[in-house]
Amino acid sequence: MHNMDDPVTGDFDHLIVEVCREHYLRAHTLFGALGLYRGQPSILAALSEQDGRTHSELAAALRIQPATVTKMVRRMEQAGFVTRRPDPKDQRVSRVYLTEAARAIHAEVGRVLQALAEETLQGFRPEEIALLRRFLIQMRDNLARANDDE
């Protein structure tokens, strides 16, 4: 239990959760207009960098569970954004490829991400954004290290 009067921790955890929740809701609305669900743009980005990745490769790249990738890919396949094909060298493994529909909305995904960033960071000066980015990276790395140690 943290002390709400502690200037270091205070309501920090609560604020992080609230920011994540509001960001999630806004992203859900913006990406929903494109027919995408939260998390799917990161799959599109990973496949844009390297098309034809396996579910395991996507899970490792995005630091999520393979079962989560499988669910997301299945949903994206039903929506027409990706297609799965067996690996030519190993029929037990399927590879995920972007479709033309996914390529067609690529620029729009970029615009949504830009709008989301602008809305999120409205009122911040450039130097504050740079500092916030550095803090968030350090927080992510601290938590990733702690999780990797488990």
Side-chain angles (χ1 to χ4, degrees), residues 11-150:
D11 60 350
F12 181 76
D13 186 68
H14 183 70
L15 282 170
I16 288 275
V17 169
E18 283 184 323
V19 168
C20 290
R21 190 181 103 252
E22 294 297 337
H23 189 271
Y24 172 87
L25 291 172
R26 188 63 183 137
H28 182 75
T29 298
L30 294 173
F31 286 122
L34 299 178
L36 291 171
Y37 291 90
R38 189 74 186 129
Q40 292 179 344
S42 58
I43 298 249
L44 293 178
L47 292 172
S48 291
E49 289 171 15
Q50 183 187 338
D51 209 9
R53 290 185 183 198
T54 66
H55 289 223
S56 306
E57 290 167 347
L58 286 168
L62 302 175
R63 290 181 65 99
I64 57 178
Q65 294 298 313
T68 304
V69 170
T70 299
K71 253 194 295 195
M72 291 169 71
V73 167
R74 190 176 308 125
R75 191 178 224 180
M76 293 174 76
E77 191 173 36
Q78 290 168 348
F81 292 124
V82 299
T83 183
R84 287 184 283 187
R85 296 195 295 268
D87 183 302
K89 296 182 187 95
D90 184 351
Q91 297 293 306
R92 297 168 299 177
V93 175
S94 68
R95 294 197 168 272
V96 184
Y97 297 90
L98 294 174
T99 63
E100 285 309 312
R103 293 180 203 289
I105 65 161
H106 186 73
E108 199 56 39
V109 168
R111 282 193 280 281
V112 165
L113 288 169
Q114 182 66 35
L116 185 58
E118 287 172 6
E119 290 172 357
T120 303
L121 299 169
Q122 184 177 350
F124 284 87
R125 294 189 313 272
E127 60 275 13
E128 291 172 326
I129 294 170
L131 203 53
L132 177 60
R133 184 175 189 282
R134 186 173 73 74
F135 292 158
L136 290 170
I137 288 169
Q138 186 172 346
M139 290 163 57
R140 178 204 59 202
D141 292 350
N142 289 345
L143 290 168
R145 200 168 26 261
N147 285 324
D148 288 345
D149 288 347
E150 288 297 313

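The analysis underlying the following values was restricted to heavy atoms, covering all of them including side chains, and did not include hydrogens, waters or symmetry mates.
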Quiz item: Tell me, do Arg53 and Val96 make a side-chain contact under 4.5 Å, heavy atoms counted?
Solution: no
Quiz item: With a 4.5 Å heavy-atom cut-off, do Met76 and Leu44 have their side chains touching?
Solution: yes
Quiz item: Got Arg75 and Tyr37 here, is their nearest side-chain heavy-atom distance under 4.5 Å?
Solution: yes
Practice problem: List for me each residue that meets side chain to side chain contact (heavy atoms under 4.5 Å, CB included) alongside Leu25, sequence neighbours excluded, and say none if there are none. | Solution: Arg21, Glu22
Self-check item: Audit row: Arg74, Glu77, salt bridge (charged side-chain N to carboxylate O under 4.0 Å, His left out) steps and yes/no
Solution: CA-CA 5 Å; Arg74 190 176 308 125; Glu77 191 173 36; over 6 Å; no
Quiz item: What residues, two or more places apart in sequence or in another chain, satisfy side chain to side chain donor-acceptor pair (under 3.5 Å) together with Gln78?
Solution: none
Self-check item: Residue pair Ile137 / Arg140, side-chain heavy-atom distance below 4.5 Å
Solution: yes
Quiz item: Looking at residues at least two apart in the chain, or sitting in another chain, which of them share a salt bridge (Lys or Arg N to Asp or Glu O under 4.0 Å) with Asp141?
Solution: none
Quiz prompt | Smallest separation among heavy atoms of Val112 and Leu34, with atom names | solution = CG2-CD1, 3.8 Å
Quiz item: Can you name the closest pair of heavy atoms from Gln40 and Gly35 and give their distance?
Solution: OE1-O, 4.3 Å
Quiz item: Does the side chain of Leu36 reach to within under 4.5 Å of the side chain of Ile105, using non-hydrogen atoms?
Solution: yes
Exercise. Find out whether Phe81 and Val73 are in side-chain contact, i.e. whether some heavy atom of one side chain is under 4.5 Å from a heavy atom of the other.
Key: no
Exercise. For atom CD of Gln91, decide whether the heavy atoms of other residues, nucleotides or ligands shown that lie under 6.0 angstrom number more than 12.
Key: yes
Exercise. Would you name the heavy atoms of Gly80 and Ala101 that are closest together and state the gap between them?
Key: O-CB, 3.5 Å
Exercise. Would you mind reporting whether Thr120 and Val19 have side-chain heavy atoms less than 4.5 Å apart?
Key: no
Validation: residues 124-135 side-chain donor-acceptor distances under 3.5 Å, sequence neighbours left out:
residue: Arg125; atom: NE; partner: Glu127; partner atom: OE2; Å: 2.7
residue: Arg125; atom: NH1; partner: Glu128; partner atom: OE2; Å: 3.4
residue: Glu128; atom: OE1; partner: Arg125; partner atom: N; Å: 2.8

Quiz prompt | Test side chain to side chain contact (heavy atoms under 4.5 Å, CB included) applied to Arg103 - qualifying residues, sequence neighbours left out | solution = Asp51, Leu98, Glu100
Quiz prompt | For Arg26, salt bridge (Lys or Arg N to Asp or Glu O under 4.0 Å) partners two or more places apart | solution = Glu119
Self-check item: Taking every non-hydrogen atom, the tightest pair across Arg95 and Gly52
Solution: NH1-O, 2.7 Å
Exercise. Classify the side-chain pair Glu118/Gln114 by whether it contains a donor and acceptor separated by less than 3.5 Å.
Key: yes
